[in-house]
There are 2 protein chains.
Amino acid sequence: MARRKTLTAIVAEDLSKRVFDGSLKPGEQLPTETELCEQFEVSRTVVREAVAQLRSDGILVSRQGRGMFVSKYPFSSKFELNSDALNTLPETIAILELRLAIEVESAGLCAERRSDEDARNIRRVMEEVDARHSDPDIVEVHYDFEFHLAIAQGTQNPYFHRFLKFLEPTFARRFQLSTLVSQDFKEQYYEEIHTEHNSIVVAIEEQDPQAAHNAMRVHLLNSLGRLRALSRKVVAKDRMDGRETSFMDFLKDVDTV
Amino acid sequence: MARRKTLTAIVAEDLSKRVFDGSLKPGEQLPTETELCEQFEVSRTVVREAVAQLRSDGILVSRQGRGMFVSKYPFSSKFELNSDALNTLPETIAILELRLAIEVESAGLCAERRSDEDARNIRRVMEEVDARHSDPDIVEVHYDFEFHLAIAQGTQNPYFHRFLKFLEPTFARRFQLSTLVSQDFKEQYYEEIHTEHNSIVVAIEEQDPQAAHNAMRVHLLNSLGRLRALSRKVVAKDRMDGRETSFMDFLKDVDTV
DNA sequence: TGTCATATGATGTATTACAAATTCAAGCCT
DNA sequence: AGGCTTGAATTTGTAATACATCATATGACA
C-alpha cells in the first residue's frame, strides 16, 4: 500500500501548512505560479493542480490577471468525522448526543413552521416505516431515519436536513436482530418506537413546539438506551460463544456494503 | 462581479453531479482522461485540475497506470459551509439556528456533567469577557464566543466543542459598532448580554439542566434579535448616505484583513 | 503449465505556447 | 491639472505535446 506521495500532494500540503501556521496571512497575495514552480522545483502543472485543490477547499482564491490570494476565512470550514472513530461505542453515543441536540430543536422548529404538506408527509413516512416491520428477519436499529429527515425538512431551515443527512452514515448500519433477540422483544421494540414517533407527529400536527421538543427528546434518549441495551446483548452473546468481541468489532462486522 | 465560471469548475461540477445522481456508481471506473477531454471538449489540463479537486474532496481516487475510480464512500462524510453563503444574512441566521440547537443542549449537558473546575473556568471566562468592554471603539457582535466554547467544554462530549469551533468563523466577524450606534446603546447592549450570561452561569453552577436550557435559549434568541436589529441599522445608515448596500455587502466590507 | 520479457495503455510530470483578464503608466485631449 | 484612451507588462486560464512511471495483458519460452 502506502503509495509514494505525488508532487501535487506535497506542494498542496506545504502551501496549506504555510497558511495555517500563519506565514501566509488571510488576504495576502501568494507568489506567482512561476515563482512557486521555482521554489518547489516542479512544473507549473503540479503547482496548478495543487492550487486547484486548495481553491476547492476555500483556502485560496485566484483571479485571472491579478494573482492568487489567501482566502479571508481560510480556517477549516468543514466538520468531519474520521471513519475510524465511528465504529466505537463511545463515539457513537457522543455523536448521538449531538444528533439529539439538533433533532430536539428540529422538532420544535418543525412544529412552528411546518406547512400542511410537511405535516402530511411526516405522517405518511411514519406509516411507511411502520409497514416495513413485516420483514421479521432484518431491522436497522435506526431504520427510521427517513422519519427524522422528514421532520428536518419541515423546519424550513435547510441546514438541519443537511446536518442530519451528514450524520446518517453513523447511524444507518444494519443489525441482524434475529440472531440476538427473540421475536417478542422485537414486537415490543417496534411498539415502543411507534408510540414515540406518534407523539412526535401529534405535537407537530398540533403545532406545539414545546411538546415536540419533549417528545423528540424522549424518543432519542430511549434510542440511546436501546443502543446500549443492544450492545450489552451482543457482548453477552459473544461471551457465551467464547468470543471476546467488543461492540465496535460487532459494528464493523455487520456493516453492509 | 459574477465572474464567468472556469472550464475546470464546469467539468468538476458535472463529474460530481454524475457521481451523486448515481450515473457513476461507487467503485466504478471513470473514462480515461483523454476520453473525458473529448467528451467535454477541453484540454487535459482542465480535466486534471477538475479531477484534482474531486480527489481532494474524496470523491475520486486515481491510481497511476490503472485509471480513475469513484470512491467507495463518495458521500460526503464531511459537513461544510461554502464561504460564499456565509456572507448573506439569511444564511447567517439559518446557521445561528443550528448553533442554537447545539448550544441549548450543550448548556444542559454542561449543567449535568460539569466538573467543579469547569464551573470555575466558565465563570472566569465570563468575567474576562465583561472586562473587555473597556475598549469603547471596537466590539465583535459575537465577541463572547470563548464563553460559549467554555460551556461546550463542560459537556464532556468533545463533539459539542468541535462543532462550535467549526461554526466560529461564521460568527467571529468584527463590527465597528462605533460608526453605527451611540455609546448609550453599547452600554445597554453589554448590560443585556451580561445579564443573560450570568443566568446561564448560575444555572450551570446549580447543576440545573432545565434552567440552563432555558437561559441559553433566551440568550441566543436575543442574539438573533440583536443581529437583525444591527442589520436594519446598517441598511438605514447606508440609505441615509445615499448608498444601496445590502447587509451581505456590509459584511464583506467590514471584513478585517 | 508456469515464468518472465515485452507491449500497451493509464496516470504523473514537464515544457512550451497562447488566450484572457488585470494593472499601470504614458500620452492625449479637454 | 484632470480625466480619458491606449498599449505594454504581468498573471492566471487553457491548450498541446512529450516523456516518465506504474499496472496490466500478452505471448514467447522453458
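Since the structure is predicted, the reported quantities are computational estimates derived from the model, not experimental observations. A note on names: the letters A, B, ... follow the listed sequences, proteins ahead of strands, and every chain is numbered from 1.
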Should B:Arg66 be listed as having a side-chain N or O under 4.0 Å from OP1 or OP2 of C:dT8?
no

Give every donor-acceptor pair under 3.5 Å between a side-chain atom in residues 36-43 of chain A and any protein atom, sequence neighbours left out.
| from | atom 1 | to | atom 2 | distance (Å) |
| --- | --- | --- | --- | --- |
| A:Gln39 | OE1 | A:Arg18 | NH1 | 3.4 |
| A:Gln39 | OE1 | A:Arg18 | NH2 | 3.0 |
| A:Ser43 | OG | A:Thr45 | N | 3.3 |

Interatomic distance where CD belongs to A:Glu49 and P belongs to D:dT14 [whole Å]:
13 Å

If you apply the rule side chain to side chain contact (heavy atoms under 4.5 Å, CB included), what do you find for B:Asn157 with B:Phe163, and how did you get there?
CA-CA 11 Å; B:Asn157 180 338; B:Phe163 190 71; over 6 Å; no

Whole-Å distance between D:dC22 C1' and B:Met68 CE?
16 Å

Which of C:dT13, D:dG13, C:dT11 is nearest the side chain of B:Ser62? It is C:dT11

Does a side-chain N or O of B:Thr8 approach OP1 or OP2 of D:dG13 to a distance below 4.0 Å, or not?
no

Should the pair A:Tyr159 and B:Phe79 be assigned to parallel (<30°), tilted (30 to 60°) or perpendicular (>60°) ring geometry?
perpendicular

In this structure, how many angstroms lie between the C1' atom of C:dT8 and the CD atom of B:Gln64, rounded?
15 Å

Going by ring-ring contact (aromatic ring centres under 6.0 Å, His included), name the residues that satisfy it together with A:Phe160, two or more places apart in sequence or in a different chain.
none

Which listed nucleotide (D:dT11, C:dG12, C:dA14) is nearest to the side chain of A:Ser43?
C:dA14

Any N or O donor-acceptor pair linking the side chain of A:Thr45 to the base of C:dA14 at under 3.5 Å?
yes

Identify which nucleotide among D:dT14, D:dT11, C:dT11 has an atom closest to any side-chain atom of A:Arg48, counting heavy atoms from C-beta outward.
D:dT14

Take atom CZ of A:Phe69 and atom C1' of C:dT23, then tell me their distance rounded to the nearest Å.
11 Å

Give the rounded distance in Å between these two atoms: CG of A:Leu54 and P of D:dT12.
14 Å

Could you tell me whether the side chain of A:Arg44 has a donor or acceptor atom within less than 3.5 Å of a complementary atom in the base of D:dG13?
yes

Of the candidates C:dA14, D:dA15, C:dG12, the side chain of A:Val42 sits closest to C:dA14

Nearest-nucleotide comparison on DNA chain D, the residue closer to the 5′ end among A:Glu33 and B:Val46
A:Glu33

